Amino acid sequence: MMLLTSSIPLDLCIFATIAIYVLYLYSTKNFRYFKDKGVPYLKPLPLIGNFADVALFRTTIGEWLKNCYDQMDSPYFGIFVFNKPCMVIKSPELVRDVLIKDFSHFYDRATSSPSHEQLQEGMMLIQKGREWKETGEKFTTAFTSGKLRQMFPVLDDYGKKLVKFIKDRDTNKVDIIDNSVRYSTDTLSRTFVGLETYCLEEDSEVYWKIKSAITPTYEGGLRGICYFFKLEAVVDWLQLTFAQRAAIDYFAEVFQHLVKLCQDGNGKISNLIDIVSSLKSSETYTKKFAYGDRKAVGQPFMFFIAGENTIITSLAYTLYELAKHPQVQSKLRAEIAEATKDDIGFSYEKIIGMKYMEMVVQEIMRMYPPLPFLDRECTNDYTIRGTNVTIQKGTQVYVPMLGFNYDKNIFPEPEKFIPERFASKSQYNQNGLRFFPFGEGQRICIGERFALLDMKVAVAHMLTNFELEPLPDTPKKVQFTPLVFSLVPKEPIYLMCKPITT
Ligand code: HEM
């Protein structure tokens, strides 16, 4: 059947040309957005905008935003995620305004918040507006100094178990990521949900669940991209969940069971489960936000998954850099030995009081920030201070943390591991924000102090018991997998852990 001309191939050519042209128009329809506003921007390509490297899994989100940061010289600039205009901020003053001073314009994350999985509707990371605020208020009580002090003996115990686990195996070649998985799973589960997961004893069921949940996959990579860049059509169409579906189902069941035990009068179970249980009994809270059983355990799941991904890599990179820098390692070991010379082991105060340890950990947070970018959504039109540029309500705003962390004007010789640069951390955040590995303002990471404590306990035990050394196949520089939104190594990292005999 001929439609336009007497030739079928010619008709097909015409339709194909029209289709391509319509697609071209659609994909470029917003490309004048920043030009019209007088905002500098990165030149986009039809169909993909500036997003090719991320969408094609050529680089991680953090490294891509760092590249954008490096290319642009202005305090803020525009980028296109496909055809969607988004803002990136580069000036430390503007970062402070967005995260802290003018928070009332940016209280939501840009992250997608679909309603096809009840459990994740309960997660603070994704929640918006008042609901986020209420959840935060309830759960911050889980992280007070008093609670951390109470948790300390448990963490200390797992520090010893980590050492034993390594000593009982081949210390000549230790998979440092795997051991961090075991340590962080055991510590997080015990302290937050009251569950013993035995990962530092055997390849337990939970160990395999977590291993599978954090193994980089294309599906996982797609989830990260779609959630953090709010590609809601894809999230809804593929019914994508924020974390691996199997992990959500497994832990939802376990946590719901724990809440039930608690409600059935079995007394206190743990920090978080007790909170969930009390919330579920509180009429006002439940009615207002309709917390069903599954949504109620969203927050414990969130803590678990947020803690896992971040602590595993931070701990592993700390041990890796210490192995590569024997002088730093010796200096830190000396500080640890000094703190324990009274022969009564570690305590919360001793760990918190280790100044060089703090510098080492902060330098790791600079080099390997587990969440290497921040995302916000503009919740009310916002005019950038001292300009007539308005960020419109609904615009996604990104803070390229990795760009700041590797900016040689802020951190000279940024590729080098130099803990001493954190002798005074506050210098970086004068007149603006330049270093904020846990975010800043009201949406700052709720688990910061726990995460630092957890990591430091493990490092203290590791250095007391082992000399860490790189192996011939230990990477000189870690490459990150683009299949995960945080900075996860592409390859396993092995170290030699030589037992120290006293
Ligand atoms: C080294 C470890 C960690 C790092 C570097 C880290 C970093 C971050 C960052 C950058 C954010 C976003 C903050 C913002 O947007 O301003 C965040 C949010 C969050 N983190 Fe962490 N995190 C770590 C560990 C943990 C742990 C152990 C937990 C819980 C046990 C946790 C729970 C959360 C939660 C619930 C949020 C969302 C807060 C909100 O939306 O109000 N994180 N984290």
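Remember, it's 1-based here, ligands and their atoms both numbered in the order they're listed. Only a predicted model underlies this, so the values are computations on that prediction, with no experimental measurement involved.
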Practice item. Below 4.0 angstrom from a heavy atom of W132, which ligand 1 atoms are there? Numbered from 1 as shown, please. Key: 39 (C), 40 (O), 41 (O)
Review point. Counting each atom of ligand 1 from 1 as listed, which ones have a heavy atom of M365 under 4.0 Å away?
Key: 1 (C), 5 (C)
Review point. Any idea which heavy atoms bring K84 and K230 closest together, and the distance?
Key: NZ-O, 3.0 Å
Exercise for review: Provide the number and element of each atom of ligand 1 under 4.0 Å from a heavy atom of E440.
Suggested key: 16 (O)
Check your understanding: Looking only at non-hydrogen atoms, which of T310, D454, I446 approaches atom 32 (C) of ligand 1 most closely?
Key -> I446
**Study point:** Heavy atom of F192, distance to ligand 1 below 4.0 Å
**Key:** yes
Exercise for review: Kindly identify the option in E308, R109, R376 whose heavy atom sits closest to atom 12 (C) of ligand 1.
Suggested key: R109
Review point. Which ligand 1 atoms does S314 reach within 4.0 Å, using its non-hydrogen atoms?
Key: 1 (C)
Review point. Y398 and F228: aromatic ring centres closer than 6.0 Å?
Key: no
Revision key, fill the gap. Per-atom filter on ligand 1: closer than 4.0 angstrom to a heavy atom of P437 are 5 (C), 7 (C), 10 (C)
**Study point:** Close-contact set for ligand 1 against I311 heavy atoms, below 4.0 Å
**Key:** 27 (C)
Point to revise | Minimum-distance protein heavy atom relative to atom 29 (C) of ligand 1 | key: F303 CD2, 3.4 Å
Revision key, fill the gap. Atom 13 (C) of ligand 1 sits nearest the protein heavy atom R443 O, 3.2 Å
**Study point:** Donor + acceptor pair across side chains of S113, Q127 (<3.5 Å)
**Key:** no
Exercise for review: Locate the shortest heavy-atom distance separating Q362 from P437; write the atom from each residue and the value.
Suggested key: OE1-CG, 4.3 Å
Check your understanding: Picking from F165, Y158, F346, what satisfies ring pair (Phe, Tyr, Trp, His ring centres under 6.0 Å) with H461?
Key -> F346
Review point. Quick one: which of I305, L125, L371 has a heavy atom closest to atom 11 (C) of ligand 1?
Key: L371
**Study point:** Option nearest atom 18 (C) of ligand 1 (shortest heavy-atom distance, choices C445, G439, G136, A110)
**Key:** C445
Point to revise | Protein contact of atom 6 (C) of ligand 1 - nearest heavy atom, named by residue and atom, plus distance | key: F438 CD2, 3.6 Å
Point to revise | Distance in Å, L371 CG paired with M365 CE, rounded so as to fall on 0.5 Å steps | key: 11.5 Å
**Study point:** For atom 5 (C) of ligand 1, the option (of A306, P370, P369) bearing the nearest heavy atom
**Key:** P370
Exercise for review: Report yes or no: is the cationic atom of R223 (NZ for Lys, CZ for Arg) under 6.0 Å from the centre of the six-membered ring of F242, at an angle within 45° of the ring normal?
Suggested key: no
Review point. Do we see a donor-acceptor contact under 3.5 Å between the side chains of D186 and Y198?
Key: no
Review point. Is Q299 close to ligand 1, meaning an N/O of one under 3.5 Å from an N/O of the other?
Key: no
Review point. Just one of F373, F411, Y428, Y69 clears the ring pair (Phe, Tyr, Trp, His ring centres under 6.0 Å) bar with F404, so which one?
Key: Y69
Point to revise | Protein heavy atom at shortest distance from atom 26 (C) of ligand 1 | key: G307 CA, 3.7 Å
Practice item. Could you tell me whether F304 and F251 have their ring centroids closer than 6.0 angstrom? Key: yes
Exercise for review: Could you tell me if the ring centre of W64 sits under 6.0 Å from that of F51?
Suggested key: yes
